[in-house]
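Throughout, numbering of the chain's residues begins at 1 and tracks the sequence. Just so it is clear, the values below take in all heavy atoms, side chains as well, and ignore hydrogens, waters and symmetry mates.
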Amino acid sequence: MLKKELSYKRTVRSYVIRKRKTTIYQTNILNKFWTYSGINFLNKKIDINSLFDFNNSLIVDIGFGYGNALVDIASKNFSKNFLGIEVYLPGIIYCLKHINLFNIKNLKLIYYDASDVLYYMIKDNSILKFQIFCPDVWSKKRHNKRRILKKDFIDLIFSKLIFKGILHIITDSESYVDNILKIISKITSFKNISHKKHHLLFNCREKTKFELKSKLNGKKLFKLVFEKN
């Protein structure tokens, strides 16, 4: 792992990148489509939008899981560019397959730690929206420290958003909501606009597998939307 500058504090990870065996079919998908739709991690700032066919506003989806919702959103909104960051290899493979299948030109993927990608590769004041749908809640109190939405990570997101940029979070954990609200209340330039429905971009989208699972289990989904002022 790359050594970070003193200004960037490494915290406990919320995941482990597991070495997974891939089938010949999955390996072929990676070999065939990664060059066009994948972005390799680099230890430097890059103009990510220059890697797309069109210079649209950029939306970043962190931890998109299996990828069905991200593919659906990107395929229906060609006026925006989408960057998906994920450490779950089957989700990467699913997206690569469907990007090719549906000829989606406005979606790129990075298979790496999101905090490293944001810190090293993403320029400040460059992202229209971050969406984080159903992050792992780590519900046991002793595991709360593994949650991705901690103070340092939210600060990092804030620095990358453009003026009036959006952070959109969905979770089925009320304790996680309380924790997020407590953290963001200390960032005076982040405004809670969750009650303004017109700010919820792509509200009529396909639901993630975790959202569908929560609904089947009778859990309430909480939608939080914050705007950089």
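For the pair K97 and Y25, the cation-pi criterion (under 6.0 Å, within 45° of the ring axis) is not fulfilled. Figure legend: cation-pi geometry between K228 and F158, with NZ or CZ positioned under 6.0 Å from the six-membered ring centre and within 45° of its axis.
By the 4.5 Å heavy-atom criterion applied to side chains, I162 and I127 are not counted as neighbours. N192 places none of its side-chain heavy atoms less than 4.5 Å from the side chain of I184. Counting heavy atoms from C-beta on, the side chains of L51 and I46 come closer than 4.5 Å. Side-chain contact between I29 and I93: present, with at least one pair of heavy atoms (C-beta onward) separated by less than 4.5 Å.
The two atoms that bring F78 and K105 nearest to each other are CE2-N, 4.1 Å, heavy atoms only. Heavy atoms only, all atoms of each residue included: Y176 and I148 are closest at OH-N, 3.4 Å.
Ring to ring, H168 and F133 are close: their centroids are under 6.0 angstrom apart.
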Open item on the list: Set out, in order, the CA-CA distance, both residues' side-chain angles and the distance that settles salt bridge (Lys or Arg N to Asp or Glu O under 4.0 Å) for K76 and D72, then state yes or no.
Closed with: CA-CA 6 Å; K76 295 176 180 176; D72 178 68; 2.9 Å; yes
TODO: Would you sort out whether K160 and D124 count as a salt bridge (Lys or Arg N to Asp or Glu O under 4.0 Å), showing the intermediate values?
DONE: CA-CA 4 Å; K160 304 305 173 182; D124 288 351; 2.7 Å; yes
Open item on the list: T171 vs R147, test: side chain to side chain donor-acceptor pair (under 3.5 Å). Steps then yes/no.
Closed with: CA-CA 12 Å; T171 179; R147 290 174 171 175; over 6 Å; no
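Using cut-offs of 30° and 60° on the angle between ring planes, the pair F41 and Y120 is perpendicular.
Judged by distance alone, the side chain of N106 and the main-chain N or O of A74 form a donor-acceptor pair under 3.5 Å.
With no hydrogens or angles considered, a side-chain donor-acceptor pair links N49 and N81 at under 3.5 Å.
Test N229, L167, I183 against F190 for side chain to side chain contact (heavy atoms under 4.5 Å, CB included) and you get one pass: L167.
Within the model, atoms OH of Y88 and SG of C95 stand 11.5 Å from one another, a figure rounded to the nearest 0.5 Å.
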